[in-house]
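Counting starts at 1 for both ligands and their atoms, in listed order. Every value quoted in this text rests on a predicted model; they were computed, and no experiment measured them. Just the heavy atoms: all of them, side chains too, but no hydrogens, waters or symmetry mates, feed the values below.
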Amino acid sequence: MRAADFVNVPTSQSPRLAMGDVTKRYGTVIANDAVSFDVMPGEIVALLGENGAGKTTLMKIAYGISQPDRGTIAIDGSVADIDSPRHARALGIAMVFQQFALFDAATVLENIALGLPRAPMREIEFRVLELAARYGLQVDPAGRVHDLSMGERQRVELLRALLGRPRLLILDEPTSVLTPPSVERLFGTLQQLAESGTSIVFISHKLHEIRELATRCVVMRSGRVVANVDPRAQTESALARLMLGADPRALAPHHTLPGDVMLQVSSLIVNAVEGRRLDDVSFEVRSGEIVGIAGISGNGQAALMAALAGEITARSDAVQLCGKPVGHLDSAQRRAIGMRYIPEQRLGHAAVAGMSLEDNAVLTDESVQARLLMHASTGRVRAARVVEKFGVRAASLSQKVETLSGGNLQKYIVGREVLQAPRVLLVHQPTWGVDAGSAAAIRNELLALRAAGCAIVVVSEELDELYQLADRLFVIANGRLSPPRAPRQISTEELGVWMGGGWPAKQPVHATLTPAA
Ligand code: ATP
């Protein structure tokens, strides 16, 4: 395929997509309230809004997944009654979701072929490889999806969308699991696509990315459009204020001095998880300390978290929890000693999609037995506390968690674990898909938990987040862990070099265990 394949010949200067007066209710929630939204050919429009503002709902309507209660949609000036994603694709619309829709057991190529008209596999593979090379979206067509990191899965989703030669590409939080170099590559791809006429809707909570990529930003709040601005002419704080109606809460670090070692990892070796092995990893985390682990997705983070959380077992003394060897114990047994885990994948791993908020509230209690003994109201009481304390926007506690907006679900999962007052907490991407206000609230909760003596491991691809939270930083690359550094002792540039595996061979002086400034 050549760039020319993407060139559209608009019949007029009609918008590629024009939505007028779109209203959508879910029970008592008005997800979209008389929303008008348009995108011109070749335009990159950012859709910004707090969690639950109605962005995904609006784009699901454009993509034919949901039908509006009221309102109109026009594509290139012609009214379209888009009744299914198949219909949307036939109109040249593609959408990449926050939650990936890939079959884990199938290969990359099989997953991509599923959404395309029938063609010989060799031909599809050729097109995939050509597109991947052109846009810097490298993937192994024969690789199994369950061996891929989130970043790699994201690339597969993008390739799948691009192979349909979209005239309108909708991306819901596409950079949440990408590292800065991958984001730059993605933006290059998107700009190339826009120059050749493809319209792009970019849903994101990352204000600097919106300012870098989009030429227009539509801001939503509580189901309504509240602003339509050129983001390049706005500061990040001005955009945040437009979105939240107020400034985000500042971080309130509580100063703590690390206490006893709560989690000790010694020469941990793990055979491949998501295609990556862990090679002789050792570190410790003390009470009242946050250890941050930076790295490019797919470098062993999944194997490390699985081994720490007990989802895979190891030598018993490879992991010690509160002084007890637990390497051989499963995750429920480790939870009984006070460990909690917030995994990266919200649905299917952290929460059961088809279950209610109430039922999900007690999922990570110590044991199945304890859960069975619980009074039915326990889940309701706990869910209500999480919803209230973490500002989760939900219509009701009996609502299935899969119907929460992405950011609200993340707040729900973080809240559920934090309120159990863990002694050791493992968190993988704490603020994935969360708006600026809620991200600050979640980070404040982690800092408060540290002040209460919890030992916390944060794995994140957001360096800013790690600098804000961590007392000590490590980098994971090729399944190996770097030496530690206090955040103020290492620059982002040096961290970037380490993320490529290039840290000094000899163990330097250990980072001092002082709290983050
Ligand atoms: P986020 O940034 O967190 O992804 P969003 O702006 O994309 O949020 P939406 O996912 O559009 O928000 O959700 C808007 C509101 O509609 C939320 O309150 C959500 O709970 C509700 N909602 C969305 N889909 C459903 C559904 N199928 N059933 C019930 N409520 C729903």
Side-chain angles (χ1 to χ4, degrees), residues 19 22-35 37 45-69 71 85 95-101 170-177 201-207 209-210 217-227 239-240 242-245 248 345-347 350-351 353-358 360 383 386-387 390-415 429-442:
M19 305 178 82
V22 167
T23 297
K24 177 78 185 174
R25 281 175 184 273
Y26 292 106
T28 53
V29 174
I30 306 187
N32 287 163
D33 189 359
V35 174
F37 176 82
V45 178
L47 193 49
L48 172 69
E50 58 189 344
N51 294 131
K55 308 174 296 286
T56 305
T57 301
L58 188 70
M59 287 304 110
K60 279 184 173 170
I61 290 172
Y63 191 56
I65 293 178
S66 316
Q67 307 309 311
D69 301 331
M95 182 161 175
V96 177
F97 295 91
Q98 261 183 66
Q99 298 290 341
F100 306 140
I170 303 166
L171 302 168
D172 195 351
E173 289 287 342
T175 62
S176 313
V177 292
V201 178
F202 177 73
I203 301 181
S204 178
H205 289 293
K206 297 188 181 166
L207 305 172
E209 292 181 358
I210 288 179
C217 176
V218 173
V219 186
M220 291 184 72
R221 202 187 312 149
S222 306
R224 294 188 173 184
V225 171
V226 291
L239 285 174
L242 283 174
M243 174 176 83
L244 303 170
Q345 215 170 355
R346 294 194 268 257
L347 289 175
M355 277 172 46
S356 66
L357 273 75
E358 296 170 341
N360 268 286
V386 176
V387 164
F390 283 76
V392 177
R393 210 168 280 181
S396 92
L397 300 179
S398 52
Q399 178 179 352
K400 289 183 181 163
V401 292
E402 66 191 347
T403 63
L404 288 179
S405 75
N408 275 299
L409 178 54
Q410 182 69 10
K411 287 197 273 182
Y412 186 74
I413 292 162
V414 171
Q429 303 275 45
T431 57
W432 173 12
V434 166
D435 69 45
S438 303
I442 288 177

Inset, instruction - Taking the side chain as every heavy atom from C-beta outward, state whether Tyr412 and Leu357 have any pair of such atoms under 4.5 Å apart. - result: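 Result yes, sub-4.5 Å side-chain heavy-atom pair found.
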Legend entry - Test item: Ser222 and Arg393 side chains (from C-beta on) under 4.5 Å apart, heavy atoms: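 Side-chain contact under 4.5 Å: yes.
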Which residue owns the protein heavy atom closest to [atom], what's the atom, and how far is it?
| atom | value |
| --- | --- |
| atom 9 (P) of ligand 1 | Thr57 OG1, 3.6 Å |
| atom 10 (O) of ligand 1 | Ser405 CB, 3.3 Å |
| atom 23 (C) of ligand 1 | Tyr26 CE1, 3.4 Å |
| atom 14 (C) of ligand 1 | Gly52 O, 3.4 Å |
| atom 7 (O) of ligand 1 | Thr56 OG1, 2.6 Å |
| atom 16 (O) of ligand 1 | Ala31 CB, 3.4 Å |
| atom 2 (O) of ligand 1 | Lys55 NZ, 2.7 Å |
| atom 19 (C) of ligand 1 | Thr403 O, 3.6 Å |

Side-chain ([X]) to main-chain ([Y]) donor-acceptor, under 3.5 angstrom:
| X | Y | value |
| --- | --- | --- |
| Ser66 | Ile61 | no |
| Asn32 | Gly54 | yes |
| Asn360 | Ala351 | no |
| Asp172 | Ile203 | no |
| Lys55 | Gly49 | yes |
| Glu173 | His205 | yes |

Inset, instruction - Answer side chain, backbone, both or neither: which part of Glu50 comes under 4.0 Å from ligand 1, heavy atoms only. - result: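 Glu50 to ligand 1: backbone contact only, side chain stays beyond 4.0 Å.
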Legend entry - ligand 1 versus Val29: contacting region, heavy-atom distance under 4.0 Å: side chain
Legend entry - For Ala395 against Val29, the heavy-atom pair lying closest together: CB-CG2, 3.5 Å
If the cut-off is 4.0 Å to any non-hydrogen atom of [X], which atoms of ligand 1 fall inside it?
| X | result |
| --- | --- |
| Asn51 | 1 (P), 2 (O), 3 (O), 8 (O) |
| His205 | 2 (O) |
| Gly407 | 1 (P), 3 (O), 4 (O) |
| Ala53 | 5 (P), 6 (O), 12 (O) |

Legend entry - Exceeds 12 heavy-atom contacts within 6.0 angstrom, atom CZ of Arg25: no
Inset, instruction - Give a yes/no verdict on whether any heavy atom in Gln399 is under 4.0 Å from an atom of ligand 1. - result: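 The answer is yes: ligand 1 sits under 4.0 Å from a heavy atom of Gln399.
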Inset, instruction - State whether the shortest distance between N or O atoms of Gly54 and N or O atoms of ligand 1 falls below 3.5 angstrom. - result: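 The answer is yes, given that Gly54 and ligand 1 share an N or O pair closer than 3.5 Å.
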